[in-house]
Number of protein chains: 2
Amino acid sequence: MSEVEGQREHTASLAHRVPDLAALELLLAVARLGSLGAAAREVGITQPAASSRIRSMERQLGVALVDRSPRGSRLTDAGALVTDWARRVVEAAAAFDAGARALRDRRDSRLRVAASMTIAEYLLPGWLLALHAARPDTAVSLLAGNSAKVAELLLSGEADLGFVEGLSVPTGLDSVVIAHDRLIVVTAPGHPWARRRRPLGAEELAATPLILRERGSGTRQVLDAALGGLARPLIELSSTTAVKASAVSGAGPSVLSELAVGEELSMRRLVSIPVEDVSLRRDLRAVWPKGHRPTGPARELLSLTRG
Amino acid sequence: MSEVEGQREHTASLAHRVPDLAALELLLAVARLGSLGAAAREVGITQPAASSRIRSMERQLGVALVDRSPRGSRLTDAGALVTDWARRVVEAAAAFDAGARALRDRRDSRLRVAASMTIAEYLLPGWLLALHAARPDTAVSLLAGNSAKVAELLLSGEADLGFVEGLSVPTGLDSVVIAHDRLIVVTAPGHPWARRRRPLGAEELAATPLILRERGSGTRQVLDAALGGLARPLIELSSTTAVKASAVSGAGPSVLSELAVGEELSMRRLVSIPVEDVSLRRDLRAVWPKGHRPTGPARELLSLTRG
DNA sequence: CCTCGCTCATAAGACCAGCTTATGCCCTCA
DNA sequence: TGAGGGCATAAGCTGGTCTTATGAGCGAGG
């Protein structure tokens, strides 16, 4: 039966083929410390547990990862590669954790951040990790919403620092531009546009039905403004995620923040279509109540975002 | 040691705070399908199992993720954010899986790829995912080594397509440049260089002891060539990973491929120091035995890498 | 030369997390 | 008003993973 099982590999989910996070962290510890036992101590398990965990990982992957010797363990070549790929997974998990933590500690945190969706999704976890590295004892809480909501939270004193993307700064707030974002036209690699030689024109873009966020979203506002209110929806979806999934599946072209599609582009699940004559840049701004310059942890976070 | 180690007191490891991959995949399925039951069917478990898994995830994170109603489940605002962060983790896991799979199927694969370490670590998993999307039935195997090893594998017929980074093309091979890589100078954010106004000059770089890979590595070769063989090592380490860890911990400045430090830069664990008068670009090339133009799956993979 | 100290491996048993099956309630739609 | 889809709860089982206890290889130092 177990040979038949091999055929089902396609259907088995990732979770069955990828070691769990604890195992990946253990592998990183082994790589760094050069010994199973030392790695075991670091992650708080016994040496036999570590030995068995690494061994079952090697079985699962079908590759020898470490060279064990009576005076330590070193990574094999394959192990070095696997460790590096594992590090990416662990880093993504650390970002997840930083975000989730901020989301949970809604109440009594020292630094309460309000951010628009795109920024909260794609940039904030990284900033939080950096902040944690610089000031480990700063507890951050996160509230997400659109620009109006961010302004409201700041003005009512429920948030200390805000981040918005969009064309204008809400009244009553001071701001500084911390980065730029560009909306880009994307399609699945199979779409005819993916093979175009010449950039897309504004009229052609406006004339083509697109997969879009709903009216009122920041992304949609910028696009409508750039095209003069003309964007034709093929489908309207209520989350960036849903829009991406739809575009990846080949339903049609879409316009999305470049922040949102970085991974998809680098993995070639989506391709970017050059556009001319359309300005799809927008500013990302940090904002705070007029006159109340950020201080303390807010200032610290702000300084981290200006890279 | 990393300072993270010091504060292990109540900071349980990531694995205890981040749901496992199966749970994250389930969450993605719920987001996509709008129902716990449907998501459960998709990932091959029963509805109560899914319900309980999501619930324990909400407990673990301390945040409500889905609004359950008698006619389905929708993500809460926080749930939408968490789902997006979860997607990053799952994508990293997918890249891990693609790489590991290629590493395992060393033998009878239809496409045998030989790649230098940097490319194998940072670029290949993404390409493999893209290839898998385009040609799901292509089995790929991966052999990693330095340029000479790649050339040897190609010439002896043990590999169909190779990827190398470096200054020259091994003899006997044809090549095409598929991308460029740049070596960049990085330090921990606390280093004095991080606050420089003016770019670093070549002499200053050559005069400063750096954290480096060992002599003979591709990275080191390029740096030595650019500086005229003058690079002064502060520490010499045998893996990119070790160099990065050392730089992050603040041991000193280092010179690394921008491919290797993307995450560190975006998370601000490292900062990039501008340099002038030094050419640290290098070509990344696909290579194959002279005369034998890639065909079939090799050609397919090649076309994916030229984005 | 022997013993200590480090390494890793193996075996046996305990434990706990998560699954399945079996139900029940709620809501909507025909 | 009954059918169907949606979610929650309860009880029991299974399996993986941990721990403790032990053995064996290798190197350094008295």
Side-chain angles (χ1 to χ4, degrees), chain A residues 1-2 5 8 11-61 63-76 79 83 86, chain B residues 8 12-61 63-76 79 83 86:
Chain A
M1 265 310 139
S2 62
E5 243 235 308
R8 256 195 322 170
T11 33
S13 73
L14 269 185
H16 296 148
R17 290 180 321 225
V18 177
D20 64 33
L21 277 174
L24 299 181
E25 287 191 285
L26 176 63
L27 179 63
L28 296 185
V30 171
R32 182 154 34 84
L33 301 172
S35 140
L36 293 189
R41 280 191 296 280
E42 179 171 281
V43 307
I45 60 178
T46 59
Q47 172 268 319
S51 178
S52 137
R53 224 171 208 306
I54 295 285
R55 187 171 295 286
S56 73
M57 204 159 144
E58 291 178 314
R59 254 204 323 276
Q60 183 178 25
L61 300 178
V63 172
L65 299 175
V66 301
D67 267 338
R68 303 122 200 273
S69 87
R71 62 182 187 292
S73 297
R74 296 206 61 72
L75 293 178
T76 62
T83 300
Chain B
R8 231 180 353 155
S13 79
L14 268 187
H16 296 148
R17 290 180 321 222
V18 177
D20 64 33
L21 276 174
L24 299 181
E25 287 190 285
L26 177 63
L27 179 63
L28 296 184
V30 171
R32 183 153 32 83
L33 300 171
S35 139
L36 294 188
R41 281 191 296 280
E42 179 170 282
V43 307
I45 60 177
T46 60
Q47 172 266 318
S51 179
S52 135
R53 224 172 207 307
I54 295 286
R55 186 170 296 287
S56 72
M57 204 159 143
E58 291 178 315
R59 250 203 326 274
Q60 183 178 25
L61 301 178
V63 172
L65 299 175
V66 302
D67 267 337
R68 302 122 201 273
S69 88
R71 61 182 188 293
S73 296
R74 296 206 63 71
L75 293 178
T76 61
T83 301

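Throughout, protein chains are lettered first and strands after them, A, B, ... in sequence-line order, and every chain is numbered starting at 1.
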Contact list for DNA chain C against residues 48-58 of chain A - heavy-atom distance below 4.0 Å: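 Output list: A:Pro48, A:Ser51, A:Arg55.
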Contacts of type salt bridge (Lys or Arg N to Asp or Glu O under 4.0 Å), residue B:Arg32, not counting sequence neighbours: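 B:Arg32 satisfies salt bridge (Lys or Arg N to Asp or Glu O under 4.0 Å) with B:Glu42 only.
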Closest heavy-atom pair and its distance - A:Thr76, A:Ala64: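 Taking every non-hydrogen atom into account, OG1-O, 2.8 Å.
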Quick one: pull up [atom1] in [X] and [atom2] in [Y] and give me the separation to the nearest 0.5 Å.
X	Y	atom1	atom2	value
B:Arg59	B:Ile54	CZ	CD1	12.0 Å
A:Leu33	A:Leu26	CG	CG	10.0 Å
B:Leu27	B:Leu75	CG	CG	6.0 Å
B:Leu36	B:Arg55	CG	CZ	9.0 Å
A:Leu14	B:Glu25	CG	CD	4.5 Å

Nearest to side-chain heavy atoms of B:Ile45, which nucleotide of C:dA9, C:dT7, C:dT20: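 Comparing C:dA9, C:dT7, C:dT20 against the side chain of B:Ile45, the answer is C:dT20.
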Per A:Ser73 side chain, nearest of listed nucleotides D:dG25, D:dC7, C:dC8: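 The closest nucleotide is C:dC8.
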Backbone of B:Ser35 reached by a side-chain donor or acceptor of B:Ser73 within 3.5 Å: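 No.
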Flag, side chain of B:Thr83 to backbone of B:Gly79, donor-acceptor distance under 3.5 Å: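 Yes; at least one donor-acceptor contact below 3.5 Å.
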Derivation of the side-chain contact (heavy atoms from CB on, under 4.5 Å) call for A:Leu24 and A:Met57: CA-CA 9 Å; A:Leu24 299 181; A:Met57 204 159 144; 3.9 Å; yes
Listed partners of A:Glu58 passing side chain to side chain donor-acceptor pair (under 3.5 Å), at least two apart: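 For A:Glu58 the side chain to side chain donor-acceptor pair (under 3.5 Å) partners, ignoring immediate neighbours, are A:Arg68.
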Distance in angstrom units between [X] [atom1] and [N] [atom2], rounded:
X	N	atom1	atom2	answer
A:Arg68	D:dC26	CZ	P	16 Å
B:Gln47	C:dG18	CD	P	17 Å
A:Leu36	C:dT10	CG	C1'	14 Å
B:Gln60	C:dG18	CD	C1'	14 Å
B:Asp20	D:dG16	CG	P	15 Å
B:Arg41	C:dT20	CZ	C1'	16 Å
A:Arg74	C:dT7	CZ	P	14 Å

Each nucleotide N or O in nucleotides 28-30 of chain D that has a protein N or O under 3.5 Å away: list the pair and distance.
none

Short side-chain N/O contact to C:dC19 OP1/OP2 from B:Thr46, under 4.0 Å: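 False: B:Thr46 side-chain N/O out of range (4.0 Å or more) of C:dC19 OP1/OP2.
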C:dC27 OP1/OP2 closer than 4.0 Å to side-chain N/O of B:Arg71: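 Indeed not, no polar side-chain atom of B:Arg71 lies that close.
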Contacting residues from residues 21-34 of chain B, given that a heavy atom lies under 4.0 angstrom of DNA chain D: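 Contacts with DNA chain D under 4.0 Å: none.
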Sugar-phosphate only, base, or nothing, as touched by B:Ser35 at under 4.0 Å among non-hydrogen atoms: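 Counting heavy atoms under 4.0 Å across all strands, the contact made by B:Ser35 is with sugar-phosphate only.
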Test side chain to side chain contact (heavy atoms under 4.5 Å, CB included) applied to A:Ala40 - qualifying residues, sequence neighbours left out: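 Partners of A:Ala40 under the side chain to side chain contact (heavy atoms under 4.5 Å, CB included) test: A:Ile45, A:Ala50.
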